[in-house]
Amino acid sequence: MEYTVPRRGAAVVSAWLAGLGALICLPFWKDSFVSTLMGLLLWLAVCFVILAQRLSSCVLRVGAHHLTLRRGLLFPVTRRVPLRFVTGCHIVQSPLQRMTGTCLLFLYSSGVTTVAPGLRRADAEALAARLTHGGRLS
Amino acid sequence: MSGRRFHIIFTLRYLRYGLLLCLVPMLRALIEFDLDSLWLALTQDAAILLFSAAVALALWHATSFGWEAEAVCVEQGIFLRSRHVFTRQSVAALAVERPLYCRLLGASRVTLYFHTNAAPRRYTLYLRKKDAAAVADALLPVQAEGAVFEPTGFERLTFVMLSANILTSSLFALWGLRQLDELLGMDFQQLALDTLREAALFAARFLPMGLAFLVTLGFAVMSFTFLYALLRTAGFQVCRSGGVIVSRGGFLTRVERRVLVSRVSACDVCVSPAARLLRRYPVYLSAGSFRGGDVPVMVYKKGNEQSLARLLPGFRPPDGPLCAPARKSPVQYLWQPGACLALSLAVCGVASYAMPQLLPMLCVPAVLAAASLLVSLEGFFREGIRANGGRTLSVCFTRFFTRHEVCVLTPDIAYTLLENPFSVSAGRCDVLLHLPCGLRCRVRGALQYLARELPFPP
């Protein structure tokens, strides 16, 4: 079973960081408009080009015994977690994510928390049901 | 047995928050700096303290606990009542600590460490001494005890030296000086600095000025560190009783730790510079959310691994070599210490003709960088990961000046593989091994095709 992150899900998560950057820029608009604008545009490019690409490259594979999450194109990161030690799942949705039908999925296992950002809500629910045996953790 | 109260010392935990809140009115009084504001701040502080004391007493009154054959039950909360049941199966380790202030009041602090990271990961109870012993026996019972490790003579000295932690001891010393300043109203920090300066002046008769201060500071820190380690490890003894490892020790703060052998997740042998010199290696155990504490569970002589196997039968040294150095990148291991060494040597070179009097002091970072380079070089040849016949996992990695040899005994682990364009083209990757206690072991330059198929021990 394989799940991927859609572009809209990655864009929503990137928009949070872009919004945070815009918020940090607020005190600087009055004194140096041009340099702040340039900085903000650069930050937006980083968020929507580099980060969104990285997030949308996220692939979650559920095998017979372990779960593999791989993300990143130039600097790939692969995580492997044994399925029988997943202690819980957590699905979080912001208003924008409810509109786009995506969510954040947190998977808890001993020693590490794995985050799948921007996953489809339906996929996340199916995955959570499978990992927790329909809500009953083994 | 049920319906027993915590020790009254439990209220101190909540009074601390009240003391922190007291700082707010005092800060305002300090800004306005007049008698009226001071009086108002003192009144407000008294009200805050009374309120927090009342809340703490109410919480203490509402908290009760009890124990059965294999479980401990805690009820707490005033408006929102909660009930926790901690069974023997959920506990991986526990620590019964008795700091001096607890001993004076007949209390013990019991911390339970659980074997999964489902909340809570640990839980602290403040109990009477007898209750603490009963709770410990209910959760991790100990019957006949046979001492496995009890350092005496030279072994005791090496144990103290290998238990010494400069960072925690220095923080403890700074915290202690501040507490003394506040309690006695004297500037002990200034007094300590003056004494250090005088000692440095004395050392300057034999050593260059800058180096004299560094040597004096290092000597003072090391002396305090050893004194602190000596107190922590006084009367230290490790026993094995059935499936439980029990360690006891401490002079001012008496600590008893019980670790369930079947829940031990990893055994870390730390080969620090001191361990190399003494040819004795300290061993730390982790179990569930328990990280091993600040004192090693035992120290064994080089080549005497069977003494460790006596304590932990599941321990296995690696079956074979952990890595293939020919496939590794020397640059990945050596660039950081190499750059530090080059920079230090360049600074020394400039100082040799511009400021020769500073040269001895500037040689210290160069020596440290050279030592770090040697440790990294050793890491290049030894760092790696290997599954031992599918039963355990052997991991070797270096961090700063220490080489860690870890034997992983649990399948409850996770791997993260980190790659970059250069490592991908060479078929390598870095492996992060996540242990249940939250510790991470980073192995650099592992072969990609092996790392992707790394097994989880059964």
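By convention in this document, chain letters (A, B, ...) are assigned in the order of the sequence lines, proteins followed by strands, and residues within each chain are numbered from 1.
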Given 3.5 Å as the limit, does a donor-acceptor pair link the side chain of A/Arg84 with the main chain of B/Pro411, or not? no

May I ask you to test the A/Val77-B/Leu417 pair for a side-chain heavy-atom distance under 4.5 Å? no

A/Glu2, CD atom: more than 12 neighbouring heavy atoms under 6.0 Å: yes

Contact class of A/His65 relative to chain B, heavy atoms under 4.5 angstrom: neither

Chain A contact via B/Leu439 - which portion, at a heavy-atom distance below 4.5 Å: neither

Taking side chain as C-beta onward, heavy atoms only, is A/Phe85 less than 4.5 Å from B/Pro436? no

Under 4.5 Å from any heavy atom of chain A, what part of B/Leu418 do you find: side chain, backbone, both or neither? both

Taking all atoms of both residues into account, what is the closest heavy-atom pair of A/Val112 and B/Ala414, and its distance? CG1-CB, 3.6 Å

Could you give all pairs that pass the salt bridge (Lys or Arg N to Asp or Glu O under 4.0 Å) test and reach residues 410-425 of chain B, with sequence neighbours left out? A/Arg70-B/Glu419, B/Glu419-B/Arg452

Can you tell me if A/Trp29 has over 12 outside heavy atoms packed within less than 6.0 Å of its CH2? yes

For atom CZ of B/Arg81, decide whether the heavy atoms of other residues, nucleotides or ligands shown that lie under 6.0 angstrom number more than 12. yes

Where do A/Arg80 and B/Phe456 land on the side chain to side chain contact (heavy atoms under 4.5 Å, CB included) test, with the steps shown first? CA-CA 10 Å; A/Arg80 291 170 63 214; B/Phe456 295 96; 3.9 Å; yes

